[in-house]
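Chain identifiers are assigned alphabetically (A, B, ...) following the order of the sequence lines, protein sequences preceding nucleic acid strands; residue numbering begins at 1 within each chain.
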Amino acid sequence: MKSTSTPQICAKPFESVVFLFGPTGVGKTELLLDLDPKKFSVVNADSIQVYRHLDIGSAKASSETLKAIPHYLVDIFDPWQQFSVGDFVAHADQACKEIHEEGKVPVLSGGTAFYFKHFLFALSEAPPSDEGVRLSVAKEIAEKGDAWAHSRLAQVDPISAKRIHPSDMYRISRALEIYEGSGRPLSSYAVPSKPRLGMKPLILGLNRDGDELKERIRQRVAQMFDEGLVEEIRHLIEMGANASWPALQGIGYKEFFQARISGEASRSMIAEQIERNSRAYAKRQMTFFKSFADVIWMDPTNKQPILSLINWYQGASSPSGR
RNA sequence: GCCGCUUUAGCUCAGUUGGUAGAGCAAAGGACUGAAAAUCCUUGUGUCCUCGGUUCAAUUCCGAGAGGCGGCA
């Protein structure tokens with residue numbers, strides 16, 4: 001058992017942490033440079049920026065920004081490794097602990113809503129994904145079909161089967177994997193719904209007008225190509241990258257590998273796909289973020305109020321301030 | 001200039017043996033139990049290019065015109 005991923009074992013509960021999230025391209029990274037590195041450190045909450053060698057397409061903070069203020073959870077995995085929300089919570093806990101020990105406040109910044117959710121509420125008690133069981137489940141589904149998978153789930157875990165749509169093979173697979181691996185239905189594991197560790201985060205959501213965000217995404221994709229996205233892809237291919245590498249499901253990467261399979265594609269076609277996928281992703285992110293409670297929504301165009309709020313929170317929660 | 005093909009949802013296109021039409025993508029909204037930049041759900045009235053003709057009825061058939069594509073000159 002990995003004790004690091006179970007919050008109860010954490011030696012020192014941490015109450016103060018800033019959440020900074022928003023859809024892709026909204027301007028989170030631009031804000032980080034304005035934080036005082038003596039008071040804050042950044043904890044990356046982005047599922048792709050944890051990977052080494054994926055810099056341009058993942059819109060990772062520049063090396064200058066990384067130098068200017070400490071960043072945790074950036075470049076901690078190789079692109080062929082599987083990173084998961086469980087890894088995120090474990091690493092983020094460790095990072096927050098270190099940051100607090102320095103007398104600073106961690107700023108969790110990123111776009112992966114799923115990570116924020118489970119960092120705040122903890123993970124379900126269900127066991128982590130097991131590669132072996134997952135593969136055998138996948139093999140059986142491939143043989144017997146998607147319809148079989150859902151009816152099988154209806155037998156072993158009717159509660160989950162009712163909740164999960166018959167087409168949602170991603171979740172059906174996970175639910176079957178839990179049953180095969182642990183002998184217990186997924187729905188029998190408790191889902192935490194209260195913030196853990198007495199955490200009292202400052203939850204900041206950044207949002208922009210739809211057309212403005214679209215335009216920023218368009219510009220950012222063009223900028224990625226200018227900065228050498230194609231060379232970054234070439235470098236990954238030289239490393240042996242293929243579409244099965246977990247990191248390469250990221251937008252800005254998968255489009256190239258799909259194009260390789262389907263034939264030639266021009267730069268403008270791939271750029272268009274990246275823009276489209278980014279827009280759809282931003283929309284999904286917003287849907288998820290809007291479901292969060294106690295979010296203070298702010299306009300990233302106006303940096304001062306945001307920074308004031310973060311600084312106020314830091315002052316109020318630092319030992320000397322109590 | 002002549003001949004052929006073509007014009008239907010924001011885009012690419014189906015289709016109606018004549019009874020006013022539907023897929024994919026896009027767009028909008030939503031879900032989210034350890035892969036989440038993933039995965040999935042819901043939502044489709046549009047002068048069916050224009051004008052005229054035939055018909056109870058035309059987006060569908062006929063004629064003319066306009067735009068596009070291709071071939072021959």
For this session: May I ask you to say what A:Ser291 touches in the nucleic acid, namely base, sugar-phosphate or nothing, with a heavy-atom cut-off under 4.0 Å?
Result: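 Counting heavy atoms under 4.0 Å across all strands, no contact is made by A:Ser291.
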Exercise. Which part of the nucleic acid does A:Asp46 contact within heavy-atom distance under 4.0 Å: base, sugar-phosphate only, or nothing?
Worked result: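 Counting heavy atoms under 4.0 Å across all strands, the contact made by A:Asp46 includes a base.
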Exercise. Base, sugar-phosphate alone, or nothing: which one does A:Val191 contact when heavy atoms must sit under 4.0 Å apart?
Worked result: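 Result for A:Val191 = base.
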Exercise. Using the C1' atom in both, what is the distance from B:C72 to B:A14, to the nearest Å?
Worked result: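 That atom pair is separated by 32 Å.
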Problem set entry | P-based separation of B:G29 from B:A66 [nearest Å] |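 To the nearest whole Å, 44 Å.
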For this session: Considering only atom P, compute the distance from B:A9 to B:G46 and round it to an integer number of Å.
Result: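 The answer is 11 Å between these two P atoms.
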Problem set entry | Donor-acceptor pair present, A:Arg174 side chain and B:A36 base, under 3.5 Å |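 Such a pair does not exist between side chain and base.
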Exercise. Centroid-to-centroid, A:Phe21 to A:Phe289, below 6.0 Å?
Worked result: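 Between A:Phe289 and A:Phe21, which both carry aromatic rings, the centre distance is below 6.0 Å.
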Exercise. Judged by atom type as modelled, is there a donor-acceptor pair below 3.5 Å linking the side chain of A:His53 to the main-chain atoms of A:Tyr51?
Worked result: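 Answer holds: no.
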Exercise. A:Leu186 CG to B:U33 C1': how many Å, rounded?
Worked result: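 Computing the A:Leu186:CG to B:U33:C1' distance gives 5 Å.
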For this session: Tell me the partner of B:G44, counting only Watson-Crick (N1-N3 plus N6-O4 or O6-N4) or G-U wobble (N1-O2 and O6-N3) with both under 3.5 Å; none if nothing fits.
Result: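 WC or wobble partner does not exist here.
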Exercise. In whole angstroms, how far is the P atom of B:A36 from the CZ atom of A:Phe288?
Worked result: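 Going from A:Phe288 (CZ) to B:A36 (P), I get 12 Å.
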For this session: Provide the Watson-Crick or G-U wobble partner of B:C2, both distances under 3.5 Å; none if there is no partner.
Result: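 Paired with B:G71.
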For this session: Give a yes or no on whether the backbone of A:Trp297 and the side-chain of A:Asn207 come within a donor-acceptor separation of less than 3.5 Å.
Result: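 No.
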For this session: Verify the contact: side-chain N or O of A:Ser129 to OP1 or OP2 of B:A35, cut-off strictly under 4.0 Å; return yes or no.
Result: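 For B:A35, OP1/OP2 do have a side-chain N/O of A:Ser129 under 4.0 Å.
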For this session: Mind checking A:Tyr253 for me? I need base, sugar-phosphate or nothing, with any heavy atom below 4.0 Å counting as a touch.
Result: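 Touches nothing.
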Exercise. Only one of A:Phe257, A:Trp80, A:Phe83 forms a ring pair (Phe, Tyr, Trp, His ring centres under 6.0 Å) with A:Trp245, so which one is it?
Worked result: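 With A:Trp245 as partner, A:Phe257, A:Trp80, A:Phe83 yield a single ring pair (Phe, Tyr, Trp, His ring centres under 6.0 Å), made by A:Trp80.
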Exercise. What nucleotide among B:G30, B:C41, B:G34 has an atom nearest to a side-chain atom of A:Lys290?
Worked result: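 Nearest to the side-chain atoms of A:Lys290, counting from C-beta on, is B:G30.
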For this session: Using a strict cut-off of less than 4.0 Å between a Lys/Arg side-chain nitrogen and an Asp/Glu carboxylate oxygen, indicate whether A:Arg267 and A:Asp226 qualify as a salt bridge.
Result: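 Salt bridge flag = yes for A:Asp226 with A:Arg267.
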For this session: Specify the separation, in whole Å, of atom CG of A:Asp211 and atom P of B:A28.
Result: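 About 9 Å, once rounded to whole Å.
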Exercise. Heavy atoms under 4.0 Å, any strand shown: does A:Gly210 hit a base, just sugar-phosphate, or nothing?
Worked result: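 Here A:Gly210 touches no strand at all.
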For this session: For the side chain of A:Thr287, starting at C-beta, report the closest nucleotide among B:G30, B:A28, B:A38.
Result: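 Taking heavy atoms from C-beta onward, the closest nucleotide is B:G30.
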Problem set entry | Counterpart base for B:C61, defined by Watson-Crick or G-U wobble contacts under 3.5 Å |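 Here B:C61 is engaged in a pair, and the nucleotide opposite it is B:G53.
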Problem set entry | Atom pair distance, as rounded to whole Å: CG in A:Leu213 and P in B:A28 |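 Value for this atom pair: 10 Å.
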For this session: Output yes when at least one side-chain N/O atom of A:Arg284 is less than 4.0 Å from OP1 or OP2 of B:A31, else no.
Result: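 No, outside the criterion.
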Exercise. In whole Å, what separates the P atom of B:C51 from that of B:U59?
Worked result: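 Approximately 10 Å lies between the P atom of B:C51 and that of B:U59.
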Exercise. Taking atom P in both B:U60 and B:U16, what distance in whole Å separates the two?
Worked result: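 Roughly 14 Å separates the two P atoms.
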Problem set entry | Counterpart base for B:C25, defined by Watson-Crick or G-U wobble contacts under 3.5 Å |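 Matched B:C25 with B:G10 under the 3.5 Å cut-off.
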For this session: For nucleotides B:U45 and B:G65, find the distance between their P atoms and express it as a whole number of Å.
Result: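 Result for the P pair: 35 Å, nearest Å.
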Exercise. Which part of the nucleic acid, if any, lies within reach of A:Ser84 when heavy atoms closer than 4.0 Å are counted: base, sugar-phosphate only, or nothing?
Worked result: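 Answer is sugar-phosphate: A:Ser84 comes under 4.0 Å of backbone atoms only.
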Exercise. Hey, which of these two, A:Arg279 or A:Ser160, hits RNA chain B nearer its 5' end, going by closest nucleotide?
Worked result: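 Its nearest nucleotide being more 5', the pick is A:Arg279.
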Problem set entry | Between B:A31 (P) and A:Ile172 (CD1): distance, integer Å |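 The distance from CD1 of A:Ile172 to P of B:A31 comes to 20 Å, rounded to the nearest Å.
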Exercise. Can you check the A:Tyr115 OH to B:A36 P distance for me, whole Å?
Worked result: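 My rounded result for the distance is 4 Å.
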Exercise. Which part of the nucleic acid, if any, lies within reach of A:Arg134 when heavy atoms closer than 4.0 Å are counted: base, sugar-phosphate only, or nothing?
Worked result: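 Contact class for A:Arg134: base.
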Exercise. In whole angstroms, how far is the C1' atom of B:C32 from the NZ atom of A:Lys117?
Worked result: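 Those two atoms, NZ and C1', are 6 Å apart.
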Exercise. Among A:Asn311, A:Val107, A:Val105, which one satisfies side-chain contact (heavy atoms from CB on, under 4.5 Å) with A:Leu35?
Worked result: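 When side-chain contact (heavy atoms from CB on, under 4.5 Å) is applied between A:Leu35 and each of A:Asn311, A:Val107, A:Val105, only A:Val107 qualifies.
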Exercise. Under 3.5 Å, side chain of A:His100 to main-chain N/O of A:Pro106, donor-acceptor pair present?
Worked result: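 Here the side-chain-to-backbone pair does not exist.
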Exercise. Can you check whether A:Lys283 has a side-chain N or O nearer than 4.0 Å to OP1 or OP2 of B:G29?
Worked result: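 True: A:Lys283 side-chain N/O within range (under 4.0 Å) of B:G29 OP1/OP2.
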Exercise. Can you tell me the Watson-Crick or wobble partner of B:A35, both distances under 3.5 angstrom?
Worked result: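 For B:A35, the partner nucleotide comes out as none, under the 3.5 Å rule.
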Problem set entry | First encountered from the 5' end of RNA chain B, between A:Phe289 and A:Ile48 |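 Closest to the 5' end, via its nearest nucleotide, is A:Phe289.
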Exercise. Does a side chain donor of either A:Ser160 or A:Tyr179 reach within less than 3.5 Å of an acceptor in the other side chain?
Worked result: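 There is no such pair between these side chains.
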Exercise. How many Å lie between NE2 on A:His118 and P on B:U33, as a whole number?
Worked result: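 So the NE2-P distance, A:His118 to B:U33, works out to 7 Å.
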Problem set entry | Euclidean distance for P, B:U6 against B:C13 (whole angstrom) |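 Per the computed distance, 13 Å lies between those P atoms.
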For this session: From the options B:U39, B:G30, B:A28, select the nucleotide whose nearest atom is closest to the side chain of A:Tyr170.
Result: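 Between B:U39, B:G30, B:A28, the one nearest the side chain of A:Tyr170 would be B:U39.
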Problem set entry | B:U43 and B:U47, which share atom name P, separated by this distance in whole Å |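 Taking atom P in both B:U47 and B:U43, they lie 22 Å apart.
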For this session: Answer with yes or no whether A:Arg163 presents, from its side chain, a donor or acceptor under 3.5 Å of a partner atom in the base of B:A31.
Result: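 No such pair is found, so the answer is no.
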